[in-house]
Asker: 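Starting off with a structure, shown below.
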Amino acid sequence: MSRQRPAPDPVGPGMESVWDYPRPPALERVHRRIRVVFGDEIIADTTNAYRVLETSHPPNFYLPRTDIRCGSLVRVDRRSFCEWKGTAHYFDVVGGSRVEASAAWGYDRPNAAFAPIAGHVAFYASAMDACYVDDEQVEPQAGSFYGGWITSDVAGPFKGDPGTEAW
């Protein structure tokens, strides 16, 4: 397994590279339209999201609970810890006649630098029917751990594929 940083992919006009994102990560307000479709239903739709930007990762988008359809999230007894954001809790996602276990997460009391995402929820795009940034359907970040959303304006390579754990 190589610990060497990979060569960043080329960046075209209007693009950003995940290799220019900071570590520790940054939090940025986003007013682009963010939508989540699950069970053939739009379960979330907002223009008041945040995104977390971290070196080698496509952004994670955090949506306010007030813009997520009531009944679409069922809190479960699962937690994880992020050295930057704190302790996350998870939700099963419900849409139509479907349920996807632990397919979304949030922070009740994130660390101070991430306080604005308290009460917000992020979704694993890989577990949803579709997730959109504006009208572009995102590509899920590889792997089952990080949950980033890849759009055409973000260049990699992205952490998540086998062999990228040490980046």
Side-chain angles (χ1 to χ4, degrees), residues 1-12 14-30 32 34-38 44 49-63 73-93 98-133 136-167:
M1 180 182 323
S2 173
R3 291 191 173 275
Q4 185 174 5
R5 177 180 158 155
D9 292 340
V11 177
M15 293 181 71
E16 55 192 32
S17 173
V18 297
W19 294 96
D20 292 332
Y21 292 167
R23 187 163 173 86
L27 183 65
E28 178 181 272
R29 185 75 167 188
V30 177
R32 298 173 75 178
I34 309 298
R35 289 177 291 144
V36 177
V37 178
F38 183 68
Y50 286 92
R51 67 181 189 153
V52 173
L53 308 175
E54 181 175 359
T55 305
S56 79
H57 298 273
N60 290 111
F61 288 86
Y62 287 80
L63 290 66
L73 300 173
V74 177
R75 191 167 175 149
V76 296
D77 189 28
R78 177 181 171 200
R79 291 183 177 78
S80 63
F81 181 76
C82 169
E83 65 185 307
W84 313 114
K85 294 181 286 298
T87 301
H89 59 271
Y90 288 79
F91 299 92
D92 289 350
V93 179
R98 292 182 53 206
V99 177
E100 187 69 35
S102 296
W105 72 96
Y107 296 86
D108 287 332
R109 290 175 297 283
N111 294 333
F114 291 90
I117 64 170
H120 287 62
V121 175
F123 293 84
Y124 286 106
S126 60
M128 301 296 102
D129 295 342
C131 296
Y132 296 89
V133 175
E136 180 181 358
Q137 185 171 346
V138 307
E139 178 184 331
Q141 181 176 9
S144 60
F145 184 74
Y146 300 106
W149 293 16
I150 301 170
T151 54
S152 61
D153 57 353
V154 179
F158 308 104
K159 187 170 186 169
D161 284 321
T164 64
E165 296 86 4
W167 291 357

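Numbers here are sequence positions counted from 1.
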Asker: Under a 4.0 Å N-O cut-off, is there an ion pair linking Arg78 with Asp92?
Answerer: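 Between Asp92 and Arg78 there is no salt bridge, as every charged N stays at least 4.0 Å from the carboxylate O atoms.
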Asker: For Val138 and Thr151, what are the C-alpha separation, side-chain angles and deciding distance, and is it a side-chain contact (heavy atoms from CB on, under 4.5 Å)?
Answerer: CA-CA 5 Å; Val138 307; Thr151 54; 3.7 Å; yes
Asker: Are Leu27 and Ile117 close enough that some pair of their side-chain heavy atoms sits under 4.5 Å apart?
Answerer: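 Answer yes - side chains close enough.
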Asker: May I ask you to test the Asn60-Tyr146 pair for a side-chain heavy-atom distance under 4.5 Å?
Answerer: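 Counting from C-beta outward, Asn60 and Tyr146 never come under 4.5 Å.
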Asker: How are the rings of Phe61 and Trp149 set to each other: parallel, tilted or perpendicular (split at 30° and 60°)?
Answerer: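 Answer is tilted, since the angle falls between 30° and 60°.
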Asker: Check whether any side-chain N or O of Lys159 sits under 3.5 Å from a backbone N or O of Glu165 as a donor-acceptor pair, and report yes or no.
Answerer: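 A pair under 3.5 Å: yes.
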Asker: Would you call Asp77-Arg79 a salt bridge at under 4.0 Å N-O?
Answerer: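 Looking at Asp77 and Arg79, the cut-off is met.
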Asker: Do Trp105 and Tyr124 make the cut of ring centroids closer than 6.0 angstrom?
Answerer: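 Ring centroids of Trp105 and Tyr124 are less than 6.0 Å from each other.
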Asker: Are side-chain heavy atoms of Val121 and Leu63 found at a separation under 4.5 Å?
Answerer: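 Not in contact.
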Asker: Under the salt bridge (charged side-chain N to carboxylate O under 4.0 Å, His left out) test, which residues partner Glu54, sequence neighbours left out?
Answerer: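 Glu54 satisfies salt bridge (charged side-chain N to carboxylate O under 4.0 Å, His left out) with Arg23 once adjacent residues are dropped.
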Asker: Are Ser102 and Val76 close enough, and set up right, to give a side-chain contact (heavy atoms from CB on, under 4.5 Å), and what steps lead you there?
Answerer: CA-CA 7 Å; Ser102 296; Val76 296; 3.8 Å; yes
Asker: Taking atom types as modelled, find out whether Tyr90 and Ser80 have a side-chain donor-acceptor pair closer than 3.5 angstrom.
Answerer: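 Per modelled atom types, Tyr90 and Ser80 side chains form a pair under 3.5 Å.
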Asker: Verify the ring-centre separation between His57 and Phe158: is it less than 6.0 angstrom?
Answerer: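 Here the rings of His57 and Phe158 have centres that are no less than 6.0 Å from each other.
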Asker: Decide yes or no for Arg51 and Tyr62: does some side-chain heavy atom of the first lie under 4.5 Å from some side-chain heavy atom of the second?
Answerer: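 Not touching, per the 4.5 Å side-chain cut-off.
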Asker: Work out which heavy atom in Gly14 is nearest to a heavy atom in Asp153; give both atom names and the distance.
Answerer: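 Looking at all heavy atoms of both residues, the closest pair is O-CB, 3.7 Å.
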Asker: So which heavy atom on Val93 is nearest to which on Ala103, and how close?
Answerer: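 That would be CG2-CB, 3.7 Å.
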Asker: Got Val52 and Phe114 here, is their nearest side-chain heavy-atom distance under 4.5 Å?
Answerer: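 When only atoms from C-beta onward are counted, Phe114 and Val52 do touch, with a gap below 4.5 Å.
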Asker: Can you see which heavy atom on Trp167 is nearest to which on Ser56, and at what distance?
Answerer: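 Looks like CE3-CB, 4.3 Å.
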Asker: Shortest non-hydrogen contact from Thr164 to Asp161?
Answerer: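 So the minimum-distance heavy-atom pair works out to OG1-O, 2.6 Å.
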Asker: Where do Val11 and Ala155 come nearest, in terms of heavy atoms and distance?
Answerer: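 Minimum heavy-atom contact is CG2-CB, 4.0 Å.
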Asker: Using side-chain contact (heavy atoms from CB on, under 4.5 Å), reason through Glu83 and Asn111 one step at a time and then give a plain yes or no.
Answerer: CA-CA 9 Å; Glu83 65 185 307; Asn111 294 333; over 6 Å; no
Asker: Mind checking whether Trp19 and Pro157 have side chains closer than 4.5 Å, heavy atoms only?
Answerer: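 Trp19 reaches Pro157 side chain to side chain.
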Asker: Just wondering, more than 12 heavy atoms not from Arg29 lying within 6.0 Å of its CZ?
Answerer: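 More than 12 within 6.0 Å, yes.
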Asker: Show the numbers, then the answer: is there a side-chain contact (heavy atoms from CB on, under 4.5 Å) between His120 and Tyr50?
Answerer: CA-CA 9 Å; His120 287 62; Tyr50 286 92; 3.7 Å; yes
Asker: If you round to the nearest 0.5 Å, how far is CZ of Arg35 from CD of Gln137?
Answerer: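 It comes to 9.5 Å.
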Asker: Working to the nearest 0.5 Å, report the span between CZ of Arg5 and OG1 of Thr55.
Answerer: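 Output value for this atom pair is 7.0 Å.
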Asker: Would you check if Arg75 and Asp108 make a side-chain contact, meaning some heavy-atom pair closer than 4.5 Å?
Answerer: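 Yes. Closest side-chain heavy atoms under 4.5 Å.
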Asker: If every non-hydrogen atom of Gln141 is compared with every non-hydrogen atom of Gly148, which pair is closest and at what distance?
Answerer: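 It is OE1-N, 2.7 Å.
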Asker: Are Val154 and Tyr21 side-chain neighbours, meaning at least one heavy-atom pair lies under 4.5 Å?
Answerer: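 Heavy-atom side-chain distance check passes, below 4.5 Å.
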